[in-house]
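So the structure is just underneath, and the comments pick up after that.
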Amino acid sequence: MPFTKYFEHRQCEKDIYRLWEESGAFRANADSGRPPFTISMPPPNATGTLHMGHAIGKAVEDLMIRWRRMSGDEALWVPGTDHAAIATESVVIRRLQAEGMKDPRSELGREELVSRIADFVTESRSSIRSQIRALGASCDWTRERYTMEPALNRCVNSVFARMFRDGLIYRGMRIVNWDPALQTTVSDDEIYYKDRQAEFYTMRYGPFLVGTSRPESKLGDTAVAVHPEDERWREHIGKTYEVAWPKGPTITVRVVGDRHVDPETGTGALGVTPAHSQIDFEIAQQHHLPLIQVIDEQGRMTKAAGPYAGMTVLQCRKAFVADLQEAGLMEKVESYVQPISLCYRSKQPIEPLPKKQWFIDVNKPAVLWEGKRQSLRQVMRSVVESGQIRLLPEHEEKTYFHWIDNLRDWCISRQIWWGHRVPVWYRGAKVSDGNVDQAEETYVGHRKPEGPGWVQDPDTLDTWFSSALWTWSTLADPQAALDEELDLDQILERSPDFQRFHPTAVMETAYDILFFWVARMILMTTYSTGQIPFHTVYLHGLILDRDGEKMSKSKPETCIDPLDTIEEYGADALRLAMVLGNSAGTDLKLGQDKIVACKRLINKIWNASKLVERTSEGRQDVELSREGVGHPLNQWMLTRRNALVQLVDRRMQAFAFGDAAEQVRSSFWGEFCDFYLEAIKVEELSKLPETVAVASRTLDDYLKLFHPFMPFLTEQVWGNLKRPGMIIRADWPRVDTALDWPQDANAVQAVVRAVAAVRSMRVEQGIDPGSPVNLRLEPRLNPSIFESCRAVIEKLARTSQLEITDGQPGEPDEKASVAVDEAWRISLSMSAADLEAERLRLAKQLEGGRKRLQSLQSRLENPGFLNNAPAQTVEAARADAAKLQATLEEIQGRLDSLG
RNA sequence: GGGCGGUUAGCUCAGUUGGUUAGAGCGUCUGCUUGACGUGCAGAAGGUCACAGGUUCGAAUCCUGUACCGCCCACCA
């Protein structure tokens, strides 16, 4: 695509991507001597579609990878997808149901359903892949991984087996978060709370009054708990009561004293339902109370509920309340706001139930880390506390510690079929209702044990269990991983990629999955590999719509779709919009206008490049050397380039990507386009061979600095300019001390200010922008530089006659308009200056300057400042004051002469 | 209830370890359209940095408190 009128992203993005990929630019070489820089791509749901969360993630990950790649690192970005257990299984089940199948699980059976889900994933996985490509992600597709592929499954099984051996995984009866809708348990992190209006019942309960919002659960009570020092109930502690409900059943409750009970809440007496409440379960364990399950996995009442058996929870509540009321046992019914727990996935209420499940013990000191036996919790804490892992933004570390402090054992087993199956086999087991109860033999390992009669545990593992291994399981050699004779350590020893690229450099993901994923990766990876998974965690914010709400398809009027945006504005504009003005952990309000603004920058770069190309057409290339660059303007440009390179590098190192991009943008637009490119249009400069070289060199470097943020545009321009190779593989700009003229650059900076001053004076004097003016410029120093820039000043300030004095400043013309700077005095002569405007302008300047001078002087008279401030700061203040003083005196003099 | 943030120009946000006159984009106003620019350029207006104390020679920046906004966690007695 030649340099058309504007950059047409549609015509080139796909081709450029293919070129990159085919050239091997994305491929990391495990054998190079370069320092490694690795990012594991957070695996998107294999069956998902691209949303704004992906867009910001890929934009940030890709810019880091491209930057490090250009900087000379062996940059590896491992892509992949996640099997997203619950999400995927429920999608497929819903589809089958839509096709008319009533109960896919029972009709198809386990094997068939799993195979259908696998097929569905294979079919739909290509869509997310191509969408990530559309963003321009320069990841190494030859190393793509999938959480459910055999090699990763092997890693999962081996880690499970090892944790089991170390006693870090155990099977236990606990109150779990049961989702009756999905028919599975979910972890503590997969539930959320929502307030809803509900009834609060206070009922007679033997000698007590007990409050509850779930009366039906009281059918399963086995105790009443009171605070041990509560005078009202003290005498009852230790006693046992039979409570006969109006229509049955009769329950036996013991009265226990427990400090967890708050005497101020409700009646001070708490009906303990061990089977259906986490807290009650803990109380029950402490006091060795029995447990009666009255609600089953379908959300219906069990036989233990007597006459209510078979009813749903809500039916039972209604009936039971009516019965209590009829019997006069209902003391009062109030309306209140009840927080209920819901499942993240199904958004349906969670039913706490007792169930035998697999857990990871986070408190057992069974991990050997840095020579000490520690618990998983301790290791997780120490790697962040010690700075081995850094979280960005930093304050997320506090959130992280807070989470660890409240962490309980992690329930990892799920009752769905799609996922990594628990690698445990039983022989001689009693299986009831899909649950394995007692087994004569249990075997845990990465493969099925020899011999007949072994039955595998029916449960699958929490998706996050396998994702937690992601940074290293993706680097394990697939061949080695499938060798059943090797153990985990041996597999990793034989995995060149793991040896070379792990720990990864940066984990980039959204802050809302800090607990789900980041924390679990730290937990699992330190344990299984003895290494941290990554050095730095960069957490990006959420993308909000223009109203500040999370972007959602249910609000189409404010929702911006990344794919539509790529189509309309291009991937570069979208990526830039994700990065500019954003920093780690900051939510991003995104409206169409920002994307449009980004598109304008893209177009600006396109057109500036076009201009540079035209200027250099038919001109010979000149090698840039210190001696070869003679014109101060060119020296200034190269010096500014150096300053920018240094600044950008510092910003990039500090993970301040938005800031870095902004620096490049403002320097490019303001210094390069608006000043330099305009200036070199004057013949005196454009005819110099060095000018072409400087313009090209500077443009090239801007393109490189822009490349991580706008890969497609910069690659296309690079090609159009016929630069060697591809920009994706070009060297990141470095500060070039040979091409640096700080002194002269300062003088040119004064020229820049002079031009701006003239422009400003013209407006104030109401001079037509088109009409030339006569200008006298009196430099305080470096007159030769001003002289060299004569043509530039003439053009940019539109002067007809320009007098540059080189010595004694004369008295300015009565009819002139005058401006003063530390480096010059300029006077604009006019047939009739608007003296009033002139006076006003000067007076205003004088006032501002005096204020500043005053503050400088008061500081310089302050012994505290002189004694405490660094010498440099004091010196700078002195110099500023002196310069300012001189300038102000001149302005004053001019004012006086105006009368 | 516990924790973590935020409050800077009309809007969206930067502001590096405290150090001149607090910045940008968008929007607004006034001109121009000069040889790359689906536009661009030039110039301008606009801020008591939420509030109150404190530390300091010096505070948007550090500390304490207050108000408002947001998020996370806990809570189904």
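Just so it is clear, the model here is predicted, and its values are computed rather than measured. Every chain is numbered from 1 and lettered A, B, ... according to where its sequence line falls, protein lines coming before strand lines.
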Just call it for R852(A): base, sugar-phosphate, or nothing, with non-hydrogen atoms closer than 4.0 Å on any strand.
base
Look at K594(A) and C26(B) and indicate whether a side-chain polar atom (N or O) is within less than 4.0 Å of OP1 or OP2.
no
Given U21(B), C4(B), C37(B), which nucleotide is nearest the side-chain atoms of S855(A)?
U21(B)
L677(A), nearest nucleotide to its side chain (from C76(B), C26(B), A36(B)):
A36(B)
For the residue pair F516(A) and Y344(A), is the inter-centroid distance of their aromatic rings smaller than 6.0 Å?
yes
Counting distance only, does the side-chain N/O of N177(A) pair as donor-acceptor with the main-chain N or O of V186(A) below 3.5 Å?
yes
Does any non-hydrogen side-chain atom of V253(A) lie less than 4.5 Å from one of Y205(A)?
yes
K681(A) has a side chain; which of G25(B), A14(B), A36(B) sits nearest to it?
A36(B)
Report the distance from atom OH of Y400(A) to atom P of G2(B), rounded to the nearest whole Å.
25 Å
Among A77(B), G43(B), A45(B), which nucleotide has an atom closest to any side-chain atom of S760(A)?
G43(B)
Please identify each residue that fulfils side-chain hydrogen bond (donor to acceptor under 3.5 Å, both in side chains) with R377(A), with sequence neighbours left out.
N363(A)
Let me know the distance between NZ of K589(A) and P of C11(B), rounded to the nearest Å.
10 Å
Which residue lies more 5' along RNA chain B, comparing H402(A) with D768(A) via nearest heavy atoms:
H402(A)
Does CD belonging to Q653(A) count more than 12 external heavy atoms closer than 6.0 Å?
yes
Can you tell me if the side-chain N/O atoms of W669(A) get under 4.0 Å from OP1 or OP2 in C37(B)?
no
The side chain of S341(A) is closest to which nucleotide in this list: C76(B), C37(B), U39(B)?
C76(B)
Side chain of E662(A): nearest nucleotide among G43(B), C73(B), A24(B)?
A24(B)
Answer yes or no: does a side-chain N or O of K599(A) lie under 4.0 Å from OP1 or OP2 of C37(B)?
no
Options C41(B), C75(B), U34(B), nucleotide nearest the side-chain atoms of R798(A):
U34(B)
Answer yes or no: does a side-chain N or O of K398(A) lie under 4.0 Å from OP1 or OP2 of C72(B)?
no
OP1 or OP2 of C57(B) less than 4.0 angstrom from a side-chain nitrogen or oxygen of N862(A), does that happen here?
no
Tell me whether the side-chain N/O atoms of K550(A) come closer than 4.0 Å to OP1 or OP2 in G70(B).
no
Flag side-chain contact, heavy atom, 4.5 Å: H227(A) against R259(A)
yes
Surrounding NE2 of H260(A) (heavy atoms of other residues, nucleotides or ligands, distance under 6.0 Å), is the total greater than 12?
no
Of the nucleotides C37(B), C57(B), C76(B), which has the atom closest to the R214(A) side chain?
C76(B)
Looking only at G40(B), G5(B), G43(B), the nucleotide nearest the H395(A) side chain is G5(B)
Quick one: which of C76(B), G43(B), A36(B) gets closest to the side chain of Q338(A)?
C76(B)
By nearest heavy atom, map D587(A) and T873(A) onto RNA chain B; which one lands nearer the 5' end?
D587(A)
Show me the dot-bracket string of RNA chain B, counting Watson-Crick or G-U pairs under 3.5 Å, with | for pairs to another strand and [ ] for crossing ones.
(((((((..((((.....[...)))).(((((.......))))).....(((((..]....))))))))))))....
